[in-house]
Amino acid sequence: MNFKLTSKFKPTGDQPQAIADLSGGVKKGAKEQTLLGVTGSGKTFSMANIIQEVKKPTLIISHNKTLAAQLASEFQEFFPKNAVHYFVSYYDYYQPEAYIPKSDTYVEKETQINEEIDRLRLASTTALLTRSDVIIVASVSCIYGLGKPESYQNMRIEIKKGEKINRNDILRLLNSLQYERSEYDLKRGTYRVKGDVLEVQPGYEEFAYRIDFFGDEIESIQAFDPLTGDSVFDEQAKQGEVHIYPAKHYVVEREQLKSAMQNIRDELQERIQFFKKQNKLIEAQRIEERTMFDLEMMDQVGYANGIENYSRHMDFRKPGKPPATLLDYFPDDFLLFIDESHITVPQIGGMYNGDKARKQVLVDYGFRLPSALDNRPLQFDEFKKRTNQTIYVSATPSQYELALSSKSVLPQKPDEPKAKSPINLVPKNSKGHIDYSKNNRVTEQLIRPTGLLDPVVEIKPTKNQIDDLLEQIKTRTDKHQRVLVTTLTKRLAEELAEYLAEMGIKVHYLHSEVGTMERLDILRDLRLGTYDVVVGINLLREGLDLPEVSLVVILDADKEGFLRSDTSLVQTMGRAARHSEGHVIMYADKITGSMKRAIAETSRRRSIQEAYNRKHNITPKTIQKKIKDVYLKGQRKKEKEGELPFDLKKVSDEEIPILIKELENKMELAARNLEFEKATEIRDQISEVRKKTKK
């Protein structure tokens, strides 16, 4: 397989060494490695170079959808000729099924599926089964149950030009693959028939296939855009052989479905008897009615809402065995990156228990059969068994990743006494800090391409801290620089923001009760200078790229806890690392262990960066980055009918074409989803943008 990286940049600083070390480790069979890369050092670019070097199908797991989307976009730019896909939960809104015994309240499952993300999920699994040059960027959704890859692969339909086959046989096959017949509107997962012409749009493609019959012979195969009808290029159609995969991940062949349904009936009878023996007649009646309804739906249409709860029977798994997941679609020899591993690893480990607690109540009260418990995310040890070679990526990797990447953690022999926890085996120096020189599978990437240094850290007493804070802010605002202030509580963030505003500071607060799109507005306005200061809590850590920020202030730095742990402090201080005058002030009356470790680590990194700059005669330069329109990733609710969902005055001339293209894509997607009113509304917005730009 061939992964071809396309970029105008070349690896610089310590990127070449990191790429060589980690690529070499993969080639030598290292199971676990860590890339400790500081903020702004180009970790994503290094990951791309490693993929090109080792040439393996790759899975990248991120801890939230937004960061996963950013990564997917970057990797699509890096690898335009390869299959780069995005796999996250397809729910825009998800209210899980639940029961609250105390109040006898049953909460029906409510979902709003994002059709485009559903297509991208299907495209991911299809690519893995048809190509070897695949990169998937996923959220932790990748450890949740999915249909078996064997079933998904075996049930595909192969259509060849010149082949003789009855058209009705193909229609029956399409129905078994969960494709729906549509006489008028063709969209993904549907097909339509016009005389001797069959048109079908795969559930994972943006285009459709037009298959012409002459009697029972397939005369031609063409790919076309279902919206415009124009022909499009597709390699399969060009070769005259098309493979159409199922429209849903949970598909079972008809004969297997009958066997699975019988197993479900057997389990149902056992459960009814179980409830009756305990004199729980309501639960017995409930489970019978609900399960029989689902069985009838499966018998009639081959599918039922919530069919995933019967996945153990569909897969013919034994009780307790884990379900198939996205990881099972990868070949055995694949490469895994876990991005922001200090957050993502615990997130992967925590999914199973929360899911089980909710479903166990449903099972106990007759809403679901016990087999529903086996429709679940992987447990952490099950996840580990399905991975081959892993590279953890973080600016602050936890002890877990560092321990596994350390050469001190050796395979244990059967006759040896039980080893200590690997967390305790990380080599430390005389001061108790991790000794990276003894970790042969931990690679550091500390040098930023622009020569920027980790910020200088200063500790100040809490007495008169607000007065001092005002002075510090005015010093920065006089130089047109921005400031971030982090607090421990929402109330303090709001009250401090209010006080600073009374003192004439352009300020806004930021915390979890502020809507997602509004947060993006606030951060964009900070960069633009609408605000000079943002006061927040934990939201000032991962994912914020604010080159204008020269000062980060940490209040109550000596209050030990999650928000003031050494990892959190290093991440928060890193927000000032994109400015040449980056500075951090901690207000504290004592120096905690977390503060000591965070300051020591920042100082260590800074000294290495300074030595590199002196050796190569580099002068640190603040990162220059365009201020993009945050509204392009989503729409706010309009305050007045007919208004644009963004402020056109804030959009630069060079961003106008990007904005129009984004709106056109949204309009096209709305039309494909048959949301014609929405498509018309977006069309009017495009006209408004073009009209205003001509003035």
Side-chain angles (χ1 to χ4, degrees), residues 38-39 62-64 66-67 339-347 349-350 394-401 433 454-455 457-462 465-466 468-469 472-473 482-500 507-516 519 522-523 526 533-546 549 551-578 582-603 605:
V38 298
T39 302
S62 180
H63 65 91
N64 70 48
T66 304
L67 292 181
D339 191 46
E340 298 289 2
S341 59
H342 62 287
I343 293 178
T344 310
V345 169
Q347 194 179 68
S394 174
T396 53
S398 70
Q399 292 260 327
Y400 173 82
E401 299 99 281
H433 301 139
D454 271 37
V457 182
E458 182 181 3
I459 301 174
K460 291 192 170 189
T462 58
Q465 61 180 355
I466 301 303
D468 185 69
L469 174 61
Q472 298 293 338
I473 290 172
R482 312 287 184 264
V483 179
L484 296 179
V485 181
T486 175
T487 67
L488 280 177
T489 66
K490 297 175 185 177
R491 183 182 61 80
L492 182 55
E494 293 180 8
E495 289 180 354
L496 180 57
E498 184 178 349
Y499 175 77
L500 292 176
V507 62
H508 206 292
Y509 63 83
L510 193 69
H511 54 60
S512 59
E513 292 182 14
V514 178
T516 302
R519 289 180 223 168
I522 293 166
L523 294 174
L526 177 70
V533 181
V534 166
V535 184
I537 313 176
N538 195 32
L539 301 174
L540 303 181
R541 290 176 59 212
E542 296 85 359
L544 292 189
D545 186 358
L546 306 168
V549 171
L551 174 64
V552 170
V553 176
I554 303 174
L555 299 179
D556 298 308
D558 53 0
K559 300 295 190 295
E560 283 276 24
F562 170 71
L563 295 177
R564 296 296 181 263
S565 66
D566 51 348
T567 297
S568 294
L569 290 173
V570 170
Q571 288 280 357
T572 303
M573 291 189 292
R575 298 312 105 199
R578 292 178 178 271
H583 194 84
V584 174
I585 296 177
M586 293 183 178
Y587 288 105
D589 292 324
K590 62 180 179 180
I591 300 178
T592 64
S594 294
M595 290 171 64
K596 280 183 182 178
R597 291 189 293 273
I599 293 170
E601 177 61 12
T602 302
S603 299
R605 296 177 182 184

* To do: Run the numbers on Leu555 and Leu488 for side-chain contact (heavy atoms from CB on, under 4.5 Å), then give the verdict.
  => CA-CA 8 Å; Leu555 299 179; Leu488 280 177; over 6 Å; no
* Do you know the tightest heavy-atom contact between Leu67 and Ser62? -> CB-OG, 3.4 Å
* Report the distance from atom CD1 of Ile466 to atom CG of Leu496, rounding to the nearest 0.5 Å. => 5.0 Å
* Structure fact -> So OG1 of Thr486 and CG of Leu563: to nearest 0.5 Å the spacing works out to 7.0 Å
* **By side-chain hydrogen bond (donor to acceptor under 3.5 Å, both in side chains) - contacts of Ser394 (at least two apart)** => His342
* To do: Return the set of residues passing side-chain hydrogen bond (donor to acceptor under 3.5 Å, both in side chains) with Asp468 (not counting sequence neighbours), or none when no residue passes.
  => Lys460, Tyr587
* Which residues pass the side-chain hydrogen bond (donor to acceptor under 3.5 Å, both in side chains) test with Asp454, sequence neighbours left out? -> Arg448, Gln609
* **Residues forming a side-chain hydrogen bond (donor to acceptor under 3.5 Å, both in side chains) with Glu495, sequence neighbours excluded** => Arg491
* If you round to the nearest 0.5 Å, how far is CG of Leu484 from CG of Leu551? -> 8.5 Å
* Can you list the steps and then say if Ile599 with Ile459 is a side-chain contact (heavy atoms from CB on, under 4.5 Å)? -> CA-CA 10 Å; Ile599 293 170; Ile459 301 174; 3.6 Å; yes
* Asked: Listed by chain and number, what are the side chain to side chain contact (heavy atoms under 4.5 Å, CB included) partners of Asp558, not counting sequence neighbours?
  -> Ala588, Asp589, Lys590, Thr592, Met595
* Non-neighbouring partners of Glu498 that pass side chain to side chain contact (heavy atoms under 4.5 Å, CB included), sequence neighbours left out -> Glu502
* Nearest non-hydrogen partners of Met586 and Ala557, listed with the distance -> CB-CB, 3.7 Å
* Lys490/Glu494 ion pair, N-O < 4.0 Å -> no
